[in-house]
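Report on the following structure.
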Amino acid sequence: MNSQQQDKFTLINELARRRGFFWQSYEMYGGVSGFVTYGFLGARLKQNIEKKLRELFVNKLGIMEIEAPIIAPAKVFEASGHVDHFKEPMVECLKCGRRFRADHLLRESGKLSEAEAEKLNLKELKEAIEGHNVRCPECKGELGEPKYFLTMFKTTIGPYSEAVGYGRPEAAQNIFVEFRRLYETAREKLPFGVMQIGHALRNEISPRQGLIRLREFTIVDIEFFFDPEEPNCFLLKDFENETLRLVLAESRLRGSEDIIEVKVKEALEKSYIKVPWQAVFMTLAKKLLMELGVPSEKQRFIEKLPWERAHYSLQSFDQEVYVDRWGWIEVSGHAYRADYDLKQHMRFSGVDTQVFKEYERPVEAEKTIVKPLMTKLGPVFKDEAQKIAKMLEETKPEEVEVSFKEKGYYMLGEYKILPEHVEIRKRKVKEKGKRFIPHVVEPSFGSDRLVYVTLEYAYRVKEDRVILSFPRDIAPIQVGVYPLVSKDGLPEKAMQVYKMLVDEGFMVEYDEAGSIGRRYARADEAGIPLGITIDYETIKNDTVTIRDRDTWKQVRNHINVLPGLLHKYFQSKINFEDLGDLVK
RNA sequence: GCGGCCGUAGUCUAGCCUGGCAGGACAUCGGCCUCCCGAGCCGGCGACCCGGGUUCAAAUCCCGGCGGCCGCACCA
């Protein structure tokens with residue numbers, strides 16, 4: 001195969017394996033799809049990309065970063081809805097053992113529409129398969145019981161099989177389950193954001209797109225909490241004139257994927273994007289990708305259709321980047337999760353996830369209070385009285401009052417509460433504030449996908465040589481140091497320069513193997529932005545040449561000004577031409 | 001998960017049809033040479049995806065598995 005005919009995905013995967021950016025894990029045992037190991041260059045590239053995310057969100061926006069376990073007890077993902085939603089119905093042929101998506105068989109057999117088939121539960125699927133006499137499409141054998149294939153990794157915690165745990169399919173839930181403590185740490189003020197960068201696990205049925213779809217991958221989840229009654233974003237004025245390229249759900253429903261280019265301000269005025277904070281995060285995501293080397297015209301935000309959205313989301317945009325092989329692929333998702341998750345965890349755990357917000361001025365209001373009379377509840381409900389009292393406190397008093405008036409009793413779950421069990425009081429109160437569950441917008445990045453698109457957009461071919469033109473602030477190695485030839489004291493001098501730059505905190509590589517041209521070529525392929533060459537002039541006057549990876553131009557300057565200039569260069573405060581006098 | 005194609009050093013590949021010592025190129029390492037872009041010379045390391053079968057003998061033929069690519073499906 002000729003390298004010119006291959007697509008960039010293939011070229012990048014080959015280069016990645018050869019130069020040690022990443023490769024498929026467990027090759028020794030035949031390899032397992034969906035798992036990847038980053039080598040020296042790739043691990044550092046990924047760290048540098050994540051460092052940029054931290055600079056952007058943690059340093060500049062004050063979002064708090066946490067690090068929490070990958071394994072969670074089953075309850076967490078039961079509450080979050082993942083146990084119910086993160087699964088596909090499968091059915092196995094009793095004769096040949098092949099497995100199929102149960103709903104797809106029904107759809108393909110022409111008996112049901114896509115929407116109908118998707119709604120069925122296991123029992124209904126079984127009945128539909130039997131009722132329509134659907135058989136194995138391969139061998140016409142009889143089909144067994146439909147079963148769900150759970151796409152979360154399941155395990156047990158400790159030695160007891162009943163202690164079920166799941167590998168997290170997203171890093172978000174850690175933030176929701178720790179909400180109370182995080183809110184306290186944020187000094188009980190809204191809005192505030194929490195970020196987690198970590199591994200997530202999804203047992204994909206058939207992943208085979210390299211870094212694009214993995215079973216274990218790094219996810220960057222940010223949960224940004226705000227008061228739904230005050231959704232305005234104090235950063236909006238900095239971003240309202242930025243443009244976003246959107247593909248709206250309404251136009252997708254009309255069968256068009258046209259991209260509209262709108263200013264953030266307009267997107268909010270026209271309600272294309274429901275929450276201002278979400279628009280701001282989308283803008284930041286766009287800028288981030290540009291800094292990783294993806295031009296804005298190769299990016300778009302596509303609004304998910306209602307049935308494409310995750311179960312927790314009210315509005316979702318996927319940030320997509322155009323790549324050579326697959327066209328548009330998702331690099332980040334922006335979901336408006338509202339109060340879904342905190343509400344669910346409050347329901348399942350019984351822990352109050354509401355926040356209290358003080359009004360500027362107290363509001364006078366008449367309040368109905370249902371006070372449980374323990375002397376009455378105790379004898380009737382015995383040891384359940386405590387629990388009932390607590391449940392009554394969480395019930396809306398008005399509901400109880402209305403029910404007493406209409407029916408003479410109130411059903412609290414399975415408990416029948418009579419008027420004599422409680423005291424209903426009206427009281428004028430000064431409301432000092434309100435209690436509510438914060439809403440949340442979630443920007444979520446796939447770290448591995450960011451690495452991939454960075455590689456693809458850095459990939460260039462110049463005079464038949466491969467160059468990885470990484471933006472200078474994420475290059476895994478910053479500087480190469482080379483003696484022009486390995487004799488006459490040049491290597492010794494080069495080692496001095498190498499050590500000085502290492503001491504200055506740069507990522508430096510020393511190389512004296514082979515011809516100088518070969519070393520430059522190797523460095524270009526590893527994406528090293530600058531090459532410093534020690535030649536015979538260095539011996540005379542302590543000057544070196546500095547070579548630019550992308551243009552192959554060289555400048556010359558004194559060794560002792562290198563540290564200061566290089567620091568400025570890597571902070572993008574000066575350009576290559578400012579590093580010295582142009583050679584030739 | 002289904003169908004088609006495929007699997008030989010780090011990479012690309014010859015050999016497979018017709019069974020008989022697995023060869024080359026690039027990369028890499030050591031040496032020589034070398035005053036700025038994968039130069040040259042000498043030398044070294046390094047491979048038949050795994051398992052089973054047929055056979056005196058399997059990279060080669062057969063079966064199964066694993067993995068890859070393409071298409072379908074999936075991607076909450």
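In what follows, every chain begins at residue 1, and chains take the letters A, B, ... in the order their sequences are listed. Because the structure is predicted, anything quoted here is derived from the model rather than measured.
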Problem set entry | Phosphate OP1/OP2 of B:rG68 contacted by A:Ser33 side-chain N/O (<4.0 Å) |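 Yes, A:Ser33 has a side-chain N/O under 4.0 Å of OP1/OP2 on B:rG68.
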Exercise. OP1, OP2 of B:rG67 versus side-chain N and O of A:Gln24: anything below 4.0 Å?
Worked result: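 Checking A:Gln24 against B:rG67: no side-chain N or O falls below 4.0 Å of OP1 or OP2.
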Using Watson-Crick or G-U wobble geometry with both distances below 3.5 Å, tell me the partner of [N], or none.
| N | answer |
| --- | --- |
| B:rU55 | none |
| B:rU28 | B:rG44 |
| B:rC21 | none |
| B:rC16 | none |
| B:rC36 | none |
| B:rC2 | B:rG71 |

Problem set entry | Whole-Å distance separating the NZ atom of A:Lys8 from the P atom of B:rC69 |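 Computing the A:Lys8:NZ to B:rC69:P distance gives 19 Å.
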Exercise. Roughly how many Å is it from NZ in A:Lys87 to C1' in B:rG1, rounded to a whole number?
Worked result: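 One finds 20 Å between C1' of B:rG1 and NZ of A:Lys87, rounded.
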For this session: Would you list the pairs meeting salt bridge (Lys or Arg N to Asp or Glu O under 4.0 Å) in which at least one residue belongs to residues 71-86 of chain A, sequence neighbours left out?
Result: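 Found none.
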For this session: List in chain and number order the residues that pass salt bridge (Lys or Arg N to Asp or Glu O under 4.0 Å) with A:Glu303, two or more places apart in sequence or in another chain; answer none if no residue qualifies.
Result: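 Testing A:Glu303 for salt bridge (Lys or Arg N to Asp or Glu O under 4.0 Å), a comparison that skips the adjacent residues, returns none.
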List the atom pairs, with distances to 0.1 Å, where a side-chain N or O of residues 478-500 of chain A and a protein N or O form a donor-acceptor pair under 3.5 Å, not counting sequence neighbours.
from     : atom 1 : to       : atom 2 : distance (Å)
A:Gln478 : OE1    : A:Met507 : N      : 2.9
A:Asp488 : OD2    : A:Tyr536 : OH     : 2.3
A:Lys493 : NZ     : A:Asp542 : OD1    : 3.0

Exercise. Testing A:Arg460, A:Arg549, A:Arg465, A:Lys462 for side chain to side chain donor-acceptor pair (under 3.5 Å) with A:Asp524, which one passes?
Worked result: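 Answer after filtering A:Arg460, A:Arg549, A:Arg465, A:Lys462: A:Arg465.
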Problem set entry | Heavy-atom protein contacts under 4.0 Å, nucleotides 35-41 of chain B, coded B base, S sugar-phosphate only, - none | BBBBB--
Problem set entry | ring pair (Phe, Tyr, Trp, His ring centres under 6.0 Å) partners of A:Tyr340, counting only residues at least two apart |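 Partners of A:Tyr340 under the ring pair (Phe, Tyr, Trp, His ring centres under 6.0 Å) test: A:His311.
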For this session: Tell me, please, which residues at least two apart from A:Phe153 pass ring pair (Phe, Tyr, Trp, His ring centres under 6.0 Å).
Result: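 Testing A:Phe153 for ring pair (Phe, Tyr, Trp, His ring centres under 6.0 Å), a comparison that skips the adjacent residues, returns none.
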Problem set entry | Euclidean distance for C1', B:rC17 against B:rC32 (whole angstrom) |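 B:rC17 and B:rC32 have their C1' atoms separated by 46 Å.
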